[in-house]
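Below: one structure, written as structure tokens.
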Amino acid sequence: MKKEKFTLPSGREVERVYIKGTKVTVKVLSLGATVEDITYEEGNGDRHLVLGYEDKSLYETNPYYFGACVARVGNRIGGARFTLNGKTYDLEKNDGNNNLHSGKDCLCFRDWKISTVTDNSVTFEIESPDGDMGFPGEMHLCVTYTVTEDDALIIDYEGKSDVDTLFNPTNHSYFNLGEDTTILSGMLKVDAECFTPGGKESIPDGDICSVSGTPMDFRASCKIGYRIDADFEELKYTGGYDHNYVLSHKDVCKRYSQENMDVFFAAELHDDKTGRNMEVYTSLPGLQVYTGNFLKGDVTGLKGEKIPHRGGVCLETQYFPNAINVPRFAQPVIKGGETAKSRTVYRFS
Ligand code: GLA
């Protein structure tokens, strides 16, 4: 573990922590509890496996949510409104008529406090007052990043609120394991038989569709670019993959499970040319596959290049988008006084 401080042009102080496995190094920032970089050591140098900004001041507004710890609630809430225990709450409409990633005031833009560091882990904490971003309850949130000897980045989320509230944090890292500037040649496998179509506004309404016979099918490893522009309504709406998959949770992974929390195989990303590989495991029911369709070549990345359209893929583990408005989906609700936990693992080889 190494720790350093730097100051942004705005005068904001940021702490950066390096945590290392055998070949993987992860850099995390106190600004937003953001994953700034993940590198893989190869004979001839370190390779960046995620997208990040060259200009660190961009993390203050993080326009593309690179490496962001999105909290309290990741993804969309339809109509920017929900009802909990008979009371209706209004959120910011920052994505058309809907709320995306908790709004402009998301915890991913705030300063988190480093509470614990060990040789290979760091824990960030933040207090979120009652009514923050429109959500009920005074909340205490923690996120812990740990890198293991076998090069897995384990992300543990914890939240506690004084009254019932929503809790659905996710990590928004964009992965690109290869040397191509886009993710189209990346091979992706997702352990899901179904996805939740979102329609024109990317708001799932309770529909669950089979991936079978559609370009959404990643049950067997398939090139991301193979069917991304297929004539398929759901893909047309979003200009590429930007959908929630219903994870099968068929294969429990005991290695990364905890006593009271199992994690399951969710996805695998592979780069054929370099052989680099990433497995994803999670305790959560959903996975948003987002292929960077909104990226438009206007920011410079960690390799000093402009990051193009579809420059990386996010594999955001989560409760389903808009779940709070769809009773048949698992609810991202935590009870007042109880501590909610989830775990997601990205393992590199
Ligand atoms: C999520 C959404 C996308 C997009 C990105 C942020 O992944 O599903 O539609 O808004 O965040 O750019």
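The figures that follow rest on heavy atoms only: side chains count, while hydrogens, waters and symmetry mates do not. Every number for a ligand or one of its atoms is a count from 1 in the order of the listing.
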Is any N or O atom of [X], backbone or side chain, closer than 3.5 Å to an N or O atom of ligand 1?
| X | value |
| --- | --- |
| Y65 | no |
| N75 | no |
| H172 | yes |

Does R343 offer a backbone N or O that forms a donor-acceptor pair with the side chain of T282 under 3.5 Å?
->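 Flag set: sc T282 to bb R343 pair under 3.5 Å.
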
Step by step, would you call F66 with Y174 a ring pair (Phe, Tyr, Trp, His ring centres under 6.0 Å)?
-> CA-CA 6 Å; F66 285 169; Y174 290 68; 5.0 Å; yes

How would you list all residue pairs meeting ring-ring contact (aromatic ring centres under 6.0 Å, His included) that involve residues 184-220, not counting sequence neighbours?
->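 Every ring-ring contact (aromatic ring centres under 6.0 Å, His included) pair that includes a residue of residues 184-220, provided the two are not neighbours, is F195-H243, F218-Y241.
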
Under 4.0 Å to a heavy atom of L100 - the qualifying atoms of ligand 1, by number =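 Contacts of ligand 1 toward L100, numbered from 1: 10 (O).
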
Atoms of ligand 1 less than 4.0 Å from R76 heavy atoms?
->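 With R76 as reference, the close atoms of ligand 1 come out as 2 (C), 3 (C), 8 (O), 9 (O), 10 (O).
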
Would you mind telling me which of F265, Y281, F264 makes a ring-ring contact (aromatic ring centres under 6.0 Å, His included) with Y256?
->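 Between Y256 and the candidates, ring-ring contact (aromatic ring centres under 6.0 Å, His included) is satisfied uniquely by Y281.
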
Do me a favour and list the nearest non-hydrogen protein atom to atom 7 (O) of ligand 1 with residue, atom name and distance?
->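 For this ligand atom, the closest protein heavy atom is E316 OE2, 2.7 Å.
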
Please report which non-hydrogen protein atom sits nearest to atom 9 (O) of ligand 1, along with the residue it belongs to and the distance in Å to one decimal place.
->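 For this ligand atom, the closest protein heavy atom is D242 OD2, 2.4 Å.
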
Is it true that the side chains of D90 and T88 contain a donor and an acceptor less than 3.5 Å apart?
->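 The criterion, which ignores hydrogens and geometry beyond distance, is not satisfied for T88 and D90.
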
Which is it for N293 and ligand 1 at heavy atoms under 4.0 Å: side chain, backbone, both or neither?
->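 Neither part.
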
Chi angles and distances behind the ring pair (Phe, Tyr, Trp, His ring centres under 6.0 Å) call for Y319, F329 | CA-CA 8 Å; Y319 282 92; F329 291 166; over 10 Å; no

